[in-house]
Amino acid sequence: MEIVKSNYHYPLLNFFTFSHVGYNVNSFYPLLTLYPIAFLFKIISNPIDAFYCTQFLLLTATEICSYYSARLLKIQKSSSIMFSMVYTFSGYIAFVYWFAFELGEMLSFVVLPLLIPLTLSFIRPSYVNDSLCQYREPLLVIVLTWITFSHLLTTLICLAFLSICFLCDLIIKPSFKKLLYDIRIVLIYLLATSFYWINFFKAYLGQNITGPEKYLNIINTIQLIENSLNNSISTGNFDPIKVVSIGIIPFVFLIYIMANYSKLNNLEKCFLWLALGFLILSTNLFCWAYLKEHFLNVTIIQFTFRFLIFVVLFITIDMSLLAKPRIFEVLLLAFVIGAFNINQMSSFRAEGMRQQAITKKPSNHHQPDYANFKVNKVNFPNIYSGVYNSKGGPKDYLTSNQSEHFDSIADNVIYTTNHQRIKYKMTPKSNQVNYEFIKKENGYVDLPVLMSASKYKVYDNGHIVNNIK
């Protein structure tokens, strides 16, 4: 957002935030879809108002995309409206919007429902509108590209899901022509997203990246049911396991669908089993404890409840296929959803009012509790600059060497050969940073910049410096 405000292009090394030390995080998090959002922060002076406007626009876009996704599945208008409302205002999306504030996930959820009709257009085209089959290839690439440039983990789950679907289709109906067709789609997708993947693997492979903090939160099934029935949301200073849910309406939908299993057609049964499969993946019903003990890399998921969005998606689309509500019933459901949301926001606001007010910039002697302080226009820049509880910002995706020296680099101090400090003026730019200081004697200077796999050029008064390390 700072980049767009300053009219700069997309950087791979971030000198604008997180203590301005050239954090390599932009090579790991796909942020291109944040550009439209960043323009709101440029237009609206108050970043809090800009963020809420962003959420409103994303929720509106999610409703529109989910409605047309249902219509592409030949679902009647009233059922399509029901799907768009229940999906958009489900418990898990509310959790992401109001508890986690994960913009990347918010962006990916906008187009996620389109994957269902698009996938079916390739493997079972009779279930979707004929018009979709004409443009299925470019639309699938566009949707996957959007998700890829929004949120990496959602991308990996979607790619795994699509791979299984296409592979099963090839096994059931072997066809060399279809195989070549699928390969072509994969190549087009890789070409469309090559900007991200090339930089990602360049920064990741062979660099001994530490990755996110190694832990795996596994939600208990009973806890998830309690959270869903409670249908509440909380501020970010609570354990997410005690807050995350699918929401009471998708939970009721799931019970209703299971109770009417004998009435389901093959597609509806398939969606139900997919919902149950992702539900198992989201909880302790899956063998996460065993995988955590024997395969440490599985901890990169961090939270098993990340699969819940697919539970919500398949439950709500299945209910839309099964039910044929009248417009009055849809309006009644809209009223219920509105009442639930008003109750959630009232509870959320009440908890927020009890949070700590920040009146000055934190120091080593004055740190607020984690995620338990009020965010306002004044202290908002300090959040993404990493001055609250975490010096330099988060320490995800650092090399082992960067992790070892990160705290001293994040102090933003320039040292001379004799370890003396130098006063300087710093100006961040896209993929570069300028330091202005006066040094009378010859010798080396130690600049507060993280070294990554990127190639660096250092200039001294316009002349390139060869001796850098």
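Reckoned from all heavy atoms, side chains included, excluding hydrogens, waters and symmetry mates.
Counting non-hydrogen atoms of other residues, nucleotides and ligands closer than 6.0 Å to NZ of Lys77 gives a total of 12 or fewer. More than 12 heavy atoms of other residues, nucleotides or ligands lie within 6.0 Å of OH in Tyr261, so this atom counts as buried by the packing criterion.
When Ile81, Leu333, Val330 are each tested for a side-chain contact (heavy atoms from CB on, under 4.5 Å) with Pro325, only one passes: Val330. For the side-chain contact (heavy atoms from CB on, under 4.5 Å) test with Tyr189, the passing option among Leu140, Ile142, Thr148 is Thr148; the others fail. Of the candidates Phe99, Phe303, Phe305, Val244 forms a side-chain contact (heavy atoms from CB on, under 4.5 Å) with just one, namely Phe305. Put simply, the residue from Ile315, Leu229, Val311 that forms a side-chain contact (heavy atoms from CB on, under 4.5 Å) with Phe251 is Leu229.
Remark: side-chain polar atoms of Asn231 are paired, donor with acceptor, to backbone N or O of Ile248 under 3.5 angstrom. Of the possible polar contacts, none joining the Thr88 side chain to the Met85 backbone as a donor-acceptor pair under 3.5 Å is found. Judged by distance alone, with hydrogens and angles left aside, the side-chain atoms of His151 form no donor-acceptor pair with the main-chain N or O of Ser108 at under 3.5 Å. Side-chain atoms of Trp288 come within 3.5 Å of backbone atoms of Leu281 as a donor-acceptor pair (strictly under, hydrogens ignored). Remark: the backbone N or O of Ile246 is paired with a side-chain donor or acceptor of Ser228 at under 3.5 angstrom. The backbone N or O of Ile222 lies less than 3.5 Å from a partner atom in the side chain of Asn220, making a donor-acceptor pair. Within the 3.5 Å criterion, the main-chain N or O of Glu268 finds a donor-acceptor partner in the side chain of Asn265. A donor-acceptor distance shorter than 3.5 angstrom exists from the side chain of Ser80 to the backbone of Ile75, with no hydrogens or angles considered.
Between Leu187 and Leu191, the closest side-chain pair of non-hydrogen atoms is not below 4.5 Å. Residues Ser175 and Leu179 fail the side-chain proximity criterion, which asks for heavy atoms closer than 4.5 Å. Using a 4.5 Å heavy-atom threshold, the side chains of Leu107 and Trp146 count as touching. Two residues are said to be in side-chain contact when any heavy atoms from C-beta on lie closer than 4.5 Å; Leu114 and Leu139 fail this criterion. Residues Arg184 and Glu137 have side chains in contact (heavy-atom distance under 4.5 Å, counting atoms from C-beta outward). With contacts defined as side-chain heavy-atom distances shorter than 4.5 Å, the pair Phe307/Leu279 does not qualify. Residues Leu331 and Phe335 fail the side-chain proximity criterion, which asks for heavy atoms closer than 4.5 Å. Counting heavy atoms from C-beta outward, Glu226 and Asn230 have side chains that stay 4.5 Å or more apart.
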Going through the checks in order, is the side-chain contact (heavy atoms from CB on, under 4.5 Å) test met by Phe15 and Val21? CA-CA 6 Å; Phe15 288 104; Val21 294; 6.0 Å; no
Using ring-ring contact (aromatic ring centres under 6.0 Å, His included), reason through Phe109 and Tyr87 one step at a time and then give a plain yes or no. CA-CA 10 Å; Phe109 294 167; Tyr87 170 76; 7.3 Å; no
Output, in order, the C-alpha distance, side-chain angles, deciding distance and verdict of side-chain contact (heavy atoms from CB on, under 4.5 Å) for Leu112 and Ile147. CA-CA 8 Å; Leu112 189 61; Ile147 295 174; 4.2 Å; yes
Quick one: do Phe89 and Phe340 satisfy side-chain contact (heavy atoms from CB on, under 4.5 Å)? Show the steps, please. CA-CA 9 Å; Phe89 297 100; Phe340 281 150; over 6 Å; no
Any chance you could lay out the side-chain contact (heavy atoms from CB on, under 4.5 Å) test for Leu58 and Tyr97, step after step, and finish with the verdict? CA-CA 10 Å; Leu58 289 180; Tyr97 269 71; 3.2 Å; yes
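Considering every non-hydrogen atom in both Leu450 and Gln402, the closest pair reads CB-NE2, 3.8 Å. Residues Tyr135 and Ser131 approach most closely at CD1-O, 3.4 Å, considering heavy atoms. Nearest heavy-atom pair, Arg136 versus Cys133, reported as atom, atom and distance to 0.1 Å: CG-O, 3.4 Å. Phe286 approaches Ile280 most closely through the heavy-atom pair CB-O, 3.3 Å. Residues Thr119 and Leu115 come closest through the heavy atom pair OG1-O, 2.6 Å. For the residue pair Pro47 and Phe41, the shortest heavy atom distance occurs at O-CE2, 3.4 Å.
Of the inter-residue distances, the one linking Leu40 atom CG with Thr54 atom OG1 reads 4.5 Å to the nearest 0.5 angstrom. Rounding to the nearest 0.5 Å places CG of Leu120 at 9.0 Å from CZ of Arg124. One distance of note links OG of Ser245 with CG of Leu224; it measures 7.0 Å at 0.5 Å rounding. Atom NZ of residue Lys42 and atom CZ of residue Phe39 lie 6.0 Å apart, to the nearest 0.5 angstrom. Between the OG atom of Ser69 and the CG atom of Leu118 there is a distance of 8.0 Å, given to the nearest 0.5 Å. Going from atom OG1 of Thr60 over to atom CD of Gln55 covers 11.5 Å, rounded to the nearest 0.5 Å.
At a threshold of 4.0 Å, the pair Asp318-Lys269 does not count as salt-bridged, since none of the basic side-chain nitrogens sits closer than that to a carboxylate oxygen.
Listed by first then second residue, pairs satisfying salt bridge (charged side-chain N to carboxylate O under 4.0 Å, His left out) with a partner in residues 104-123 read Glu105-Arg306, not counting sequence neighbours.
Here Phe83 and Tyr67 keep their ring centres 6.0 angstrom or further from each other. Between Phe161 and Phe310, the distance separating the two ring centers is not shorter than 6.0 angstrom.
Note on ring orientation: taking the six-membered ring where Trp is involved, the planes of Phe149 and Tyr196 are perpendicular (angle over 60°, cut-offs 30° and 60°). Classification of the Phe201-Trp197 ring pair by plane angle, with boundaries at 30° and 60°, yields parallel.
Thr304 and Asn217 are not linked by any side-chain donor-acceptor pair at a separation below 3.5 angstrom, with hydrogens and angles left out of the test. Side chains of Asp130 and Gln134: a donor-acceptor N/O pair is absent below 3.5 angstrom, by distance only.
For the pair Lys74 and Tyr127, the cation does not sit on the ring face, since its NZ or CZ is not both under 6.0 Å from the ring centre and inside 45° of the axis.
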